[in-house]
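Okay, structure first, notes after.
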Amino acid sequence: MLSKKPPMGFNTWNTFGNDISDEVIRTTADAMVNLGLKDAGYEYLVIDDCWSKRERDPETGKIVPDEIKFPNGMKSVSDYVHSKGLKFGMYSCAGTRTCADYPGSFDHEYLDAKTFAEYGADFLKYDFCYRPDFANGPLLYRKMSMALKASGREILFSACNWGSDEVEKWIRSTGAHMYRSTGDIFDAFRSMKEIALSQIEKINYSAFGCFNDMDMLTIGMYGNGNVAGKEENNNDIDYKTQFAVWCMFGCPLMLGGDIRKMNDFCLNLVKNKDFLRIDQDEECRPPFVVTRCGDSITFARVLSDNQLAILCVNFTDRDEWGRIYFENLGLTAASGVGLHMKDCYTGEDLGVVKEFWQTRIKPHDCRLFLCDLA
Ligand code: GAL
């Protein structure tokens with residue numbers, strides 16, 4: 001089975017957009033290994049939109065890589081990625097054209113799946129632009145899912161229809177391994193917040209086999225790149241909260257910042273073992289809301305090994321209380337059972353806490369705890 005845990009990796013779109021190349025992929029692959037990201041679990045290196053020529057080859061009907069961006073062809077890039085011990089990802093679209101107006105796979109599903117398999121692809125992100133009106137979304141995803149299965153290679157299928165058509169209700173049945181549940185992220189707190197709040201009610205649909213993908217992370221972009229937030233750039237606190245929310249929700253972790261230039265703060269954040277332990281928990285349970293006071297929210301999540309994660313997020317622009325009454329977790333006062341709480345970010349051991357915990361939390365900030373029953 002391909003997706004027992006939320007997939008982790010890097011995708012070119014957030015930073016590079018159209019500006020991708022053989023060199024970008026090779027140097028990113030090097031950085032993933034040299035900076036310890038591969039060891040931390042980031043294994044897929046995915047090329048998003050804009051990799052091909054504007055038209056298919058008239059003779060073979062195949063999509064052809066852009067010769068200026070990828071002068072050595074895709075197999076060579078894929079071989080390089082594999083030589084680093086990483087997995088290689090490609091992108092296409094269920095409609096006639098991709099979102100950036102390159103050839104889409106509509107009516108060419110089996111040929112394209114075979115082409116991606118020939119490249120040595122291990123992952124396919126499959127977008128939803130330029131879908132003919134008569135075409136049925138579930139059927140389009142079923143078709144590519146089957147085409148990938150028939151290609152002779154094990155390819156992780158990453159559906160991307162932005163949450164439309166109540167995707168969470170049918171996408172698992174198509175064979176997809178993850179599904180984009182929202183519109184495109186941009187590098188601003190407002191965007192991350194909107195995405196996160198929109199999925200609270202839907203996160204129960206996410207589980208092993210097929211995970212809710214809240215889009216690629218923007219950690220490390222600081223206002224640069226293709227999905228920059230313009231005047232609303234994220235700062236370190238915003239990135240910490242973004243990562244904490246994605247991990248708490250058990251989402252795929254696809255880095256979108258330029259990892260070759262990532263600063264130590266961001267690198268340490270995305271490699272934080274406790275955050276990743278929560279994201280990758282083998283039971284893949286959804287979080288639940290314990291306390292909500294406006295946009296100051298406390299989530300809890302049952303983990304394997306009798307552990308529990310708690311996340312207090314202050315999505316507002318003013319100081320707020322992060323608080324949790326353990327009765328709401330099922331830990332009754334009468335039981336005498338408390339929680340041994342560890343702050344995943346600072347590493348601080350809060351010791352055994354019983355019945356109730358609260359603290360002030362700065363605007364946009366959060367506290368993520370890994371807890372043992374005690
Ligand atoms: C959007 C998709 C983005 C990116 C882009 C490429 O539809 O949500 O993540 O893939 O297309 O054009």
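Whatever order the structure lists ligands and atoms in, that order sets their numbers, starting from 1.
Ring geometry for Phe134 versus Phe106: interplanar angle over 60°, hence perpendicular rather than tilted (30 to 60°). The aromatic rings of Phe123 and Tyr44 are tilted relative to each other, their planes meeting at an angle between 30° and 60°. Ring geometry for Tyr325 versus Phe356: interplanar angle of 30 to 60°, hence tilted. In this structure, Tyr345 and Phe275 have perpendicular ring planes: the angle between them is above 60°, well past the 30° mark. The aromatic rings of Tyr222 and Tyr239 sit perpendicular to each other, their planes meeting at more than 60°, with 30° as the lower class boundary.
Alongside Leu331, the hydrophobic cluster contains Phe288, Val290, Val302, Leu308, Ile310, Ile324, Phe326, Leu329, Val337, Leu339, Met341, Leu350, Val353, Trp357, Phe369, Leu373 (criterion: ILVMFWY side chains under 4.5 Å).
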Between the protein and ligand 1, which nitrogen or oxygen pairs come in under 3.5 Å, and how far apart is each?
from, atom 1, to, atom 2, distance (Å)
ligand 1, 7 (O), Asp127, OD1, 3.0
ligand 1, 7 (O), Asp127, OD2, 3.0
ligand 1, 7 (O), Trp162, NE1, 2.9
ligand 1, 8 (O), Trp162, NE1, 3.1
ligand 1, 8 (O), Arg180, NH1, 3.3
ligand 1, 8 (O), Arg180, NH2, 3.1
ligand 1, 8 (O), Asp184, OD1, 2.5
ligand 1, 9 (O), Lys125, NZ, 2.7
ligand 1, 9 (O), Arg180, NH1, 3.1
ligand 1, 10 (O), Asp48, OD1, 2.7
ligand 1, 10 (O), Asp48, OD2, 3.4
ligand 1, 10 (O), Lys125, NZ, 3.0
ligand 1, 10 (O), Asp127, OD2, 3.3
ligand 1, 11 (O), Asp127, OD2, 2.8
ligand 1, 12 (O), Asp49, OD2, 2.7

